[in-house]
Structure formats: C-alpha cells, structure tokens
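What follows is one structure encoded as structure tokens, with my remarks underneath.
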Amino acid sequence: MLLKRWQQVAIAFSIMWIVGVGGYKWSTSTTRAHSKALGEYENCIEIDLLTHHPEIDLCSQRASRTLAGDLNGIWRDVAVVAFAPVVVMWIAILLILMIWRTIEKRI
C-alpha cells in the first residue's frame, strides 16, 4: 500500500516532532535536575564549612536524593509532551477527512 504525499509528510512531521520535542524536554528536565542537585550539594557544603562540621558524605546523599526525586517520572513527562500533540493531530486529521468525505458524497 502506497502512502499519499500528505500522509508521508504527516508521518515525517510526527517523527521529527517526537524526536525533537522529546529530546528537548528530556535535555531541559535533566539539566534542571542536575543544577538543582548541584545547588543542594554546594549549599550543604557551605553550611558545613560555616559550622565547622564537614560531612561531605551527607551532602552527597542529600544531592543524590534531590536528583533522584527530580528525575523520577521524567520519561512519563517526555512521553506526554512528545506524543500527545501527535496523537491529537492524527485524530484531527482523521476527523477532517471523515467530514470531508461525508460532505463530498452528499454533493
């Protein structure tokens, strides 16, 4: 079965959207999570230095917990942002085609 030109374009656009937007969402989310964990670590180290009680292991654990919490569910968020608009677009296209064909048959 050969695809029509508009179907080929829609499939190409869908793939580009999923890869591009999904990659962007993943990149920004992981960068934000790592920055937050690094800030948590640096803040903990500064407090420890001011109180003269350096506990680097405790600071590392706090930063790791922060990072793990922020990365929890990241793939779900990426999937929603990447796939939801594509699904909505395909449903809209199919509805428009059904309406168009129904009108065309009545004329």
Side-chain angles (χ1 to χ4, degrees):
M1 178 177 158
L2 293 175
L3 296 175
K4 295 179 182 173
R5 187 71 177 157
W6 72 266
Q7 292 170 327
Q8 293 172 348
V9 170
I11 290 170
F13 176 75
S14 298
I15 292 169
M16 287 187 299
W17 177 273
I18 290 168
V19 171
V21 171
Y24 176 76
K25 174 65 175 166
W26 180 82
S27 176
T28 57
S29 296
T30 56
T31 300
R32 188 177 304 119
H34 282 93
S35 295
K36 187 175 175 184
L38 180 61
E40 178 72 31
Y41 179 77
E42 290 173 346
N43 188 33
C44 181
I45 293 293
E46 284 181 31
I47 291 171
D48 286 352
L49 289 176
L50 291 173
T51 59
H52 302 293
H53 293 80
E55 296 186 32
I56 294 175
D57 290 338
L58 179 64
C59 293
S60 292
Q61 291 172 359
R62 287 175 63 183
S64 293
R65 279 194 306 270
T66 300
L67 182 61
D70 287 348
L71 292 179
N72 187 24
I74 189 173
W75 288 110
R76 179 193 64 237
D77 296 342
V78 169
V80 168
V81 169
F83 287 101
V86 173
V87 171
V88 170
M89 179 195 70
W90 278 103
I91 290 171
I93 288 171
L94 292 175
L95 285 173
I96 290 168
L97 282 176
M98 286 173 38
I99 292 169
W100 181 268
R101 288 178 183 158
T102 302
I103 293 171
E104 201 172 65
K105 284 180 184 178
R106 291 187 182 187
I107 293 179

Going from [atom1] on [X] to [atom2] on [Y], what distance comes out if it is rounded to the nearest 0.5 angstrom?
X      : Y     : atom1 : atom2 : answer
Asp70  : His34 : CG    : NE2   : 10.0 Å
Leu94  : Ile99 : CG    : CD1   : 11.0 Å
Ile45  : Leu50 : CD1   : CG    : 11.5 Å
Glu40  : Thr66 : CD    : OG1   : 4.0 Å
Thr102 : Leu97 : OG1   : CG    : 10.5 Å
Asp57  : Arg62 : CG    : CZ    : 13.5 Å

Please confirm whether the backbone N or O of Gly23 pairs with a side-chain atom of Ser27, one donor and one acceptor, at under 3.5 Å?
no
Report yes or no: does Glu42 contribute a side-chain atom to a donor-acceptor pair with the main-chain N or O of Gly39 at less than 3.5 Å?
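Judged by distance alone, no pair lies under 3.5 Å.
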Side chains of [X] and [Y], heavy atoms from C-beta outward: is any pair under 4.5 Å?
X     : Y     : value
Cys59 : Asp48 : yes
Val21 : Phe83 : no
Arg65 : Gln61 : yes

Can you see which heavy atom on [X] is nearest to which on [Y], and at what distance?
X     : Y     : result
Ala33 : Leu71 : CB-CD2, 3.7 Å
Ser14 : Met89 : OG-CE, 3.3 Å
Tyr41 : Ala63 : CB-CB, 3.8 Å

Determine whether [X] and [Y] fall in the same hydrophobic cluster, where Ile, Leu, Val, Met, Phe, Trp and Tyr are linked whenever their side-chain heavy atoms lie under 4.5 Å apart.
X     : Y     : result
Val86 : Ile15 : yes
Tyr24 : Val19 : no
Phe13 : Trp6  : yes
Val9  : Trp17 : no
Val88 : Ile18 : no

Other residues, nucleotides, ligands: >12 heavy atoms within 6.0 Å of Ile56 CD1
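No - once you tally the heavy atoms of other residues, nucleotides and ligands closer than 6.0 Å, there are 12 at most.
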Might you confirm whether atom CH2 of Trp100 has over 12 heavy atoms from other residues, nucleotides or ligands at distances under 6.0 Å?
no
Worked check of side-chain contact (heavy atoms from CB on, under 4.5 Å) between Val87 and Ile91
CA-CA 6 Å; Val87 171; Ile91 290 171; 3.8 Å; yes
Excluding sequence neighbours, so at least two apart, what forms side-chain contact (heavy atoms from CB on, under 4.5 Å) with Trp26?
Thr30, Ile74, Trp75, Val78
